[in-house]
Protein chains: 2
Amino acid sequence: MSLYGIENLPYGVFSRPRGERRLGVRLGSSVVDLSPLGGLLAAPTLNPLLAAGRAQWTAARAAITEFVSRGADRIPLSDVTLHLPFEVADYTDFYSSEHHARNVSAILRPEAPDLPPAWRHLPIGYHGRSSTVVVSGTPILRPHGQLGDGEFGPCRRLDVEAEVGFVVGVPGRRIATTGFEEHVFGITLVNDWSARDIQAWEYRPLGPFLAKSFATSVSPWVVPLAALASREHQPQDPPPLPYLQPPGPAFDLRLSIDWNDTRVSSPPFASMYWTAAQQLAHLTSNGADVRTGDLFASGTVSGPERDQVGSFLELTWNGAEPVKLSDGSLRGFLADGDKVTISGTAIGAAGVEIGLGEVTGTILA
Amino acid sequence: MSLYGIENLPYGVFSRPRGERRLGVRLGSSVVDLSPLGGLLAAPTLNPLLAAGRAQWTAARAAITEFVSRGADRIPLSDVTLHLPFEVADYTDFYSSEHHARNVSAILRPEAPDLPPAWRHLPIGYHGRSSTVVVSGTPILRPHGQLGDGEFGPCRRLDVEAEVGFVVGVPGRRIATTGFEEHVFGITLVNDWSARDIQAWEYRPLGPFLAKSFATSVSPWVVPLAALASREHQPQDPPPLPYLQPPGPAFDLRLSIDWNDTRVSSPPFASMYWTAAQQLAHLTSNGADVRTGDLFASGTVSGPERDQVGSFLELTWNGAEPVKLSDGSLRGFLADGDKVTISGTAIGAAGVEIGLGEVTGTILA
């Protein structure tokens, strides 16, 4: 049974050789061209549909479902190029896995291994660079930077961060957690590539900058929230302040990380401490607005076990405990030529398992 | 003698009542409509001119100078509304005043009052929010946020940061310091409003987030680099790494901060440690690209004296030493109804003093 059946229908932007960009949905290992449906679905990017709001999202999904059911033409994925599915406005990244935050504190700040003081009171986040958000498959050039006092050169501790991204449709400010489904259209997989040596040297006191800004990869498919089952979030201690309540929906997404041909980790999104609805409420609580095309990412998804972590920093404990890949080679961080693929599945709204696509990238020197 | 004579001609976007947005240049207390010149100058925003590159910038300035000299129509500034002069792509903020960085360390981190370890090795910076960059005159709603464990409410320590912004015209990556004038079109004044109580609670370890993202105000006039005199930058110790050399031009800009009707500070831009060319080189050194409309700001401009600091955090030493305004009232941080105006002048390329416009904002509850 396909992970990309009619219960899923994630949106993407594709082109055929010498053709223009079109909206499509994935069906099995094909894409269905949505341009015959006209209107918002005839655009070359998701943004007009994103901006149209939830009633239009529902109507579009119904129309597409019927279109596909009637036997719309399928184009094999091997015949198309997939593009960034939407134009990114502001890109924000959170830090909402407690396992990840505790691991990072223990590895990078052994003198202060606890969670940062505000961590359980608010979803800590920061702004990233929009210009370098790229679609899955885009080669990742190893970044250069200052690696410490006196050194400038290619990053030696190049890492991944497996995350889930949330794509904002309807603009807003001071968005209550109960408004999440009115403003957020869907999800994408994110690899927030990270240069750990650059980060360690630059991040005090204003946070990560060049360690993250060289590339952020996203999957070519945006899975609409309507396709996903949700459930109640786990209790939080201490209880969040009123503007972060109720927590909003939790999603039972299962991610996987393949390092070349070896599956090295399977991070469980259900283990996240803060929900996406809380992240959006926090992000807009000061009066800041979000726009159509805003992307906010969950932060690295790490579960409690070593084979559930979302970064190689954690997987190899900062390189001290290398992993053995299936070809017998050992890795602490990424080598030139390495390919990393983050993929995911979820329980869909219809109760069947659905695919979240994948985000992949190969390191070039 | 006007600060806005023919030697200056900063660019802005204006509209008349019920009229459309047009490009203009400021001349005295008037604006000259550039749309009769056609082409890039007939656009409703600076972005097409920004993207066109230095040769076009030079040609446009020559054409405008001639147009103005021939006696082009002037529209009183009182008859127009001024808008954000360009569409902001990514917004980045630096931290390049040593006086400011030392003051902040002493005030906020008395246990570690020195400069951060990397401070003299690289221009520390972070990404900000593009969606909330607003034009001078936009009212500033006092932000809400978490003020510490258990508290959510209106910010009590609302502050300003007087900065100089640099507007990127031509996209690029790995831009050498010698390429600064090929990529950067001009400058704008920036007020990076800051909520110090929100900042103190949220910033570890990923930097300022909601403390800054509610609003960043810019002046309505972009002064082209061609209008500014430049000179050699002061020596830096230790010598910067090769990718940050030569330092590029220094600009002798004199800022002023008026708190309601009282001039409280006059920050000297010449005292900055890192140059804008070094900031741009650093920003793009990892492989990240800048786009047309990118805005990067200098960081708070503070000179060595108390009446030269660029923030009220420093001016009142975190509220401990309030300032007396001309109406006799005392201030630690901003009260509702307060108005702050940052203005500036420079020595122009023609040797005469020119105006940089002003960026103003009034605090609303």
Side-chain angles (χ1 to χ4, degrees), chain A residues 89-93 95 104-105 108-109 116-119 121-122 124-132 141-146 148-152 155 171 174 195 198 201-215 238 241-243 282-283 285-291 294, chain B residues 89-93 95 104-105 108-109 116-119 121-122 124-132 141-146 148-152 155 171 174 195 198 201-215 238 241-243 282-283 285-291 294:
Chain A
D90 276 299
Y91 166 52
T92 316
D93 195 16
Y95 189 58
V104 169
S105 288
L108 297 185
R109 291 178 287 277
W119 200 92
H121 299 275
L122 55 84
I124 289 174
Y126 67 101
H127 287 99
R129 189 159 194 85
S130 297
S131 73
T132 47
L141 292 172
R142 181 177 295 271
H144 284 58
Q146 289 198 26
D149 184 358
E151 288 183 88
F152 183 93
C155 165
R174 297 198 176 87
I198 296 174
W201 177 231
E202 74 172 1
Y203 87 102
R204 290 185 163 105
L206 301 184
F209 184 42
L210 300 192
K212 304 274 195 173
S213 68
F214 58 95
L241 285 168
Y243 81 100
H282 184 63
L283 173 57
S285 64
N286 65 347
D289 64 319
V290 288
R291 295 176 292 186
D294 263 38
Chain B
D90 276 299
Y91 166 52
T92 316
D93 195 16
Y95 189 58
V104 168
S105 288
L108 298 185
R109 291 177 287 276
W119 200 91
H121 300 275
L122 55 85
I124 289 174
Y126 67 101
H127 287 98
R129 189 159 194 84
S130 298
S131 74
T132 49
L141 292 172
R142 181 177 295 273
H144 286 57
Q146 289 198 27
D149 185 359
E151 288 183 90
F152 183 92
C155 165
R174 297 200 176 86
I198 295 173
W201 177 232
E202 75 174 1
Y203 88 102
R204 287 186 166 103
L206 301 185
F209 184 42
L210 300 191
K212 305 274 196 173
S213 68
F214 59 95
L241 285 168
Y243 81 101
H282 185 63
L283 173 56
S285 65
N286 66 346
D289 63 319
V290 288
R291 295 177 292 186
D294 262 39

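The sequence lines fix the lettering, A, B, ..., with proteins before strands; numbering per chain opens at 1. Side chains included, hydrogens not; waters and symmetry mates left out as well; all remaining heavy atoms used.
Residues Pro116(A) and Arg204(B) approach most closely at CB-O, 3.5 Å, considering heavy atoms. Across all their heavy atoms, Gly150(B) and Leu241(A) have their closest contact at O-CD2, 3.6 Å. Looking at every heavy atom in both residues, Gln146(B) comes nearest to His121(A) through NE2-O, 2.7 Å. Heavy-atom minimum distance, Leu210(A) versus Ser285(B): CD1-OG, 3.6 Å. Closest approach of Leu206(B) and Pro208(A) over heavy atoms only: CD2-CD, 3.8 Å. Phe214(B) approaches Asn286(A) most closely through the heavy-atom pair N-ND2, 3.5 Å.
Top candidate by heavy-atom pairs under 4.5 Å with chain A, chosen from Ser131(B), Gly207(B), Ala215(B), is Ser131(B). Interface check for chain A: of the options Ala211(B), Pro242(B), Pro205(B), the most heavy-atom pairs under 4.5 Å are formed by Pro205(B). Most heavy-atom pairs under 4.5 Å with chain B: of the set Glu202(A), Glu151(A), Arg109(A), this distinction falls to Arg109(A). Contacts with chain A were tallied for Pro143(B), Ser105(B), Ser213(B); Ser213(B) has the most, counting heavy-atom pairs under 4.5 Å. Per-residue heavy-atom pair counts under 4.5 Å with chain A were compared for Trp119(B), Tyr203(B), Tyr95(B), Tyr91(B), and the maximum is reached by Tyr95(B). Taking Ala89(A), Gly145(A), Pro117(A) one by one and counting their heavy-atom pairs under 4.5 Å with chain B, the maximum is reached by Pro117(A). When Leu122(A), Ile198(A), Leu141(A) are compared by the number of non-hydrogen pairs under 4.5 Å with chain B, Leu122(A) comes out ahead.
With values rounded to the nearest 0.5 angstrom, Ser130(A) atom OG is found 5.5 Å from Arg291(B) atom CZ. Considering CZ of Arg129(B) and CG of Leu283(A), their distance stands at 5.0 Å, rounded to 0.5 Å. For the atom pair Phe152(B) CZ and Tyr243(A) OH, the distance stands at 5.5 Å (nearest 0.5 Å). Taking NE2 from His144(B) and CZ from Arg174(A), the interatomic distance works out to 6.0 Å, rounded to the nearest 0.5 Å.
For Asp294(B), the part lying under 4.5 angstrom from a heavy atom of chain A is the side chain only. In this structure, the portions of Val290(B) lying under 4.5 Å from any heavy atom of chain A include both its backbone and its side chain.
Distance alone, capped at 3.5 Å, places no donor-acceptor pair between the Thr132(A) side chain and the Ala288(B) backbone.
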